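Worth saying up front: this structure is predicted, and the values here are computed from it rather than measured.
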2 protein chains.
Amino acid sequence: MAEGLRERKKRRTRQYISDVATGLFVERGFDAVTVAEVAEAADVSVNTVYNYFPAKEDLFLDRSSGVVDRLARWVRGRDEGEPAARAVLRELRGEVEAVSPRVGLFSGYAAFMRVVEQAPALRSRLWAIGQEVQANLEAALREETGAGDGDPLPQLMAGQIGWAHSTVMAVIGREMAKGRNPREVSREALDLLDDIEDLLSEKVLNYAVRGAA
Amino acid sequence: MAEGLRERKKRRTRQYISDVATGLFVERGFDAVTVAEVAEAADVSVNTVYNYFPAKEDLFLDRSSGVVDRLARWVRGRDEGEPAARAVLRELRGEVEAVSPRVGLFSGYAAFMRVVEQAPALRSRLWAIGQEVQANLEAALREETGAGDGDPLPQLMAGQIGWAHSTVMAVIGREMAKGRNPREVSREALDLLDDIEDLLSEKVLNYAVRGAA
DNA sequence: CACAATTTTGCAATGACCCCAAGTTTTCAG
DNA sequence: CTGAAAACTTGGGGTCATTGCAAAATTGTG
């Protein structure tokens, strides 16, 4: 049974603080809520808040939700004979088609995105997370293709794939923030995905085929 | 006649504060220098500093240096029969070939980039400026092509072109920060530009030709 | 030179975030 | 079950960016 009570309690406390904070932010906006208020509402000290979250932004954008390695995971899990970009597009299309909350396609996402849109600090943080996603993708591509350190291709490919991904996510976020219907946004995102695939060159779309020299 | 002394003095003061601040940042790092120290070194009050610069980061990254509309300008000034992306690549290649300080190819840029690299706030700010550059480019593309509001192409094209530009600038910055020789970095950047052009699809490379339907 | 528009400055707050030392709680060996 | 070690929480006390306000100093004009 190993790590029991302590770990469980920590996880619960962390989650609780984050939930309370999210509620306040959605209700009154990111800047209008102070960390002290979050602490009070969650019935802990300010120090405890900082004990769990390195910065105020982390109360809202919890990086631990397995988003940072999404693209890398999709690439590593691509089918035999499938190139990296195709795999990412396929997985992304799948999520969008399924109107999955993992890509923001659920009604509650509107409130979430509105908070982000009005807080520069959160937008900036979202970008930083995107950078991490891309760095992980680049690492995955290097491993998968066995590219040397001097090879600039993994970086460029990760840039193109990361761009496609973040562009789709940005549009979904923007439209959802307007209060649009998830299904409608899903349909538009699928069209956008087609447009994007059309824009990517064959070089990009055929890079890192699983099972090549 | 016209705005004389007052305006001149303001411009000079602003420049002086920025210079003093830059010097301190390069010498000791962005985070290690407080705004109060900058104020004291420039012999003005802290309030005066904030009177000229909205935030500490602006002391180092002065957005007014005409970078925000660089891509839009290049596109608007493209040759007859030339597509937007080609124009940007041509102009950028020109700057890089000329080892121009406008793209960071001068020895002093190393110190500058090192300050940026160690300060997340500055990196984040640089990204925000990049967003502005891209937004201006998108606007230019919309005007030049007369695309409707519902057309997603200008956004996507601006994304691709902006990506190419920022990728090159990022590599130049990274290499210069290592203390590399500007001419060497210029050569590498030219190779990178070739790689990037190879990666862009014909659709991107032929978008917004000056003088089309 | 005197007056009005601007700028600069001092003073006081707010709020994020950090450090430390003093409790508290949980774990675990004995 | 018990006492000490390990891990958490908290209160108190800073530093620093950023802002609001009103008094004081400057500058352009008539």
Side-chain angles (χ1 to χ4, degrees), chain A residues 1-18 20-22 24-25 27-63 115 118-125 128, chain B residues 1-18 20-22 24-25 28-63 115-116 118-125 128:
Chain A
M1 23 167 264
E3 297 314 341
L5 195 134
R6 187 165 237 150
E7 292 297 310
R8 229 175 312 134
K9 189 169 182 180
K10 271 183 65 173
R11 211 182 317 291
R12 207 186 319 136
T13 302
R14 181 193 165 84
Q15 187 59 50
Y16 182 62
I17 295 176
S18 173
V20 166
T22 299
L24 290 175
F25 291 151
E27 193 182 317
R28 293 162 39 204
F30 187 73
D31 292 325
V33 177
T34 73
V35 174
E37 286 175 318
V38 171
E40 181 166 8
D43 209 34
V44 293
S45 77
V46 171
N47 280 343
T48 299
V49 172
Y50 279 105
N51 225 309
Y52 285 103
F53 304 90
K56 190 184 177 186
E57 296 90 50
D58 297 300
L59 285 166
F60 197 64
L61 301 175
D62 212 331
R63 196 147 43 313
V115 174
Q118 48 136 42
L122 291 179
R123 264 180 282 137
S124 170
R125 180 53 93 93
Chain B
M1 41 157 280
E3 297 315 339
L5 193 131
R6 191 164 235 151
E7 292 297 308
R8 229 176 312 134
K9 187 171 183 181
K10 272 184 67 171
R11 210 183 319 291
R12 206 187 318 135
T13 303
R14 180 195 166 82
Q15 188 59 50
Y16 182 62
I17 294 177
S18 173
V20 167
T22 300
L24 289 175
F25 292 150
R28 294 161 40 203
F30 186 73
D31 293 325
V33 177
T34 74
V35 174
E37 285 174 319
V38 171
E40 181 166 10
D43 208 35
V44 294
S45 76
V46 171
N47 288 50
T48 299
V49 172
Y50 278 103
N51 221 304
Y52 286 103
F53 304 90
K56 189 183 178 187
E57 296 89 52
D58 297 301
L59 286 165
F60 196 65
L61 301 175
D62 212 330
R63 193 141 52 309
V115 174
V116 173
Q118 48 135 47
L122 291 180
R123 264 179 282 135
S124 170
R125 181 47 93 84

Please name the pair of heavy atoms, one in B/A121 and one in B/F30, separated by the smallest distance, quoted to 0.1 Å. CB-CE2, 4.3 Å
Using atom [atom1] of [X] as one end and atom [atom2] of [N] as the other, report the distance to the nearest whole Å.
X	N	atom1	atom2	answer
A/F30	C/dG15	CZ	P	14 Å
B/Y50	C/dT9	OH	P	15 Å
A/E40	C/dA16	CD	P	14 Å
A/N51	C/dC19	CG	P	12 Å
A/N47	D/dG13	CG	P	13 Å
B/R12	C/dT7	CZ	C1'	15 Å
A/R14	D/dC8	CZ	C1'	15 Å
A/F53	D/dC8	CZ	P	14 Å

The side chain of B/K56 is closest to which nucleotide in this list: C/dC17, C/dC19, D/dT18? D/dT18
Quick note, B/T34 side chain, CB onward, closest among D/dA17, C/dT8, D/dT10 is D/dA17
Could you tell me whether a side-chain N or O of B/T13 sits under 3.5 Å from a main-chain N or O of B/K9, the two making a donor and an acceptor? yes
Side chain B/S18, main chain B/R14, donor-acceptor under 3.5 Å: no
Look at [X] and [N] and indicate whether a side-chain polar atom (N or O) is within less than 4.0 Å of OP1 or OP2.
X	N	value
A/K9	C/dT25	no
B/T48	C/dT8	no
A/K10	D/dA7	no

Does [X] reach a base, just sugar-phosphate, or nothing at all? Heavy atoms under 4.0 Å.
X	answer
B/V49	nothing
A/V38	nothing
A/Y52	sugar-phosphate
B/V44	sugar-phosphate

Does any donor-acceptor pair link the side chain of A/D31 with the base of C/dG15 at a separation under 3.5 Å? no
Could you tell me how the ring of B/F25 sits relative to the ring of B/F60: parallel (under 30°), tilted (30 to 60°) or perpendicular (over 60°)? perpendicular
Flag the pair A/R28 and A/E37 as a salt bridge only when some basic side-chain nitrogen lies within less than 4.0 angstrom of an acidic carboxylate oxygen. yes
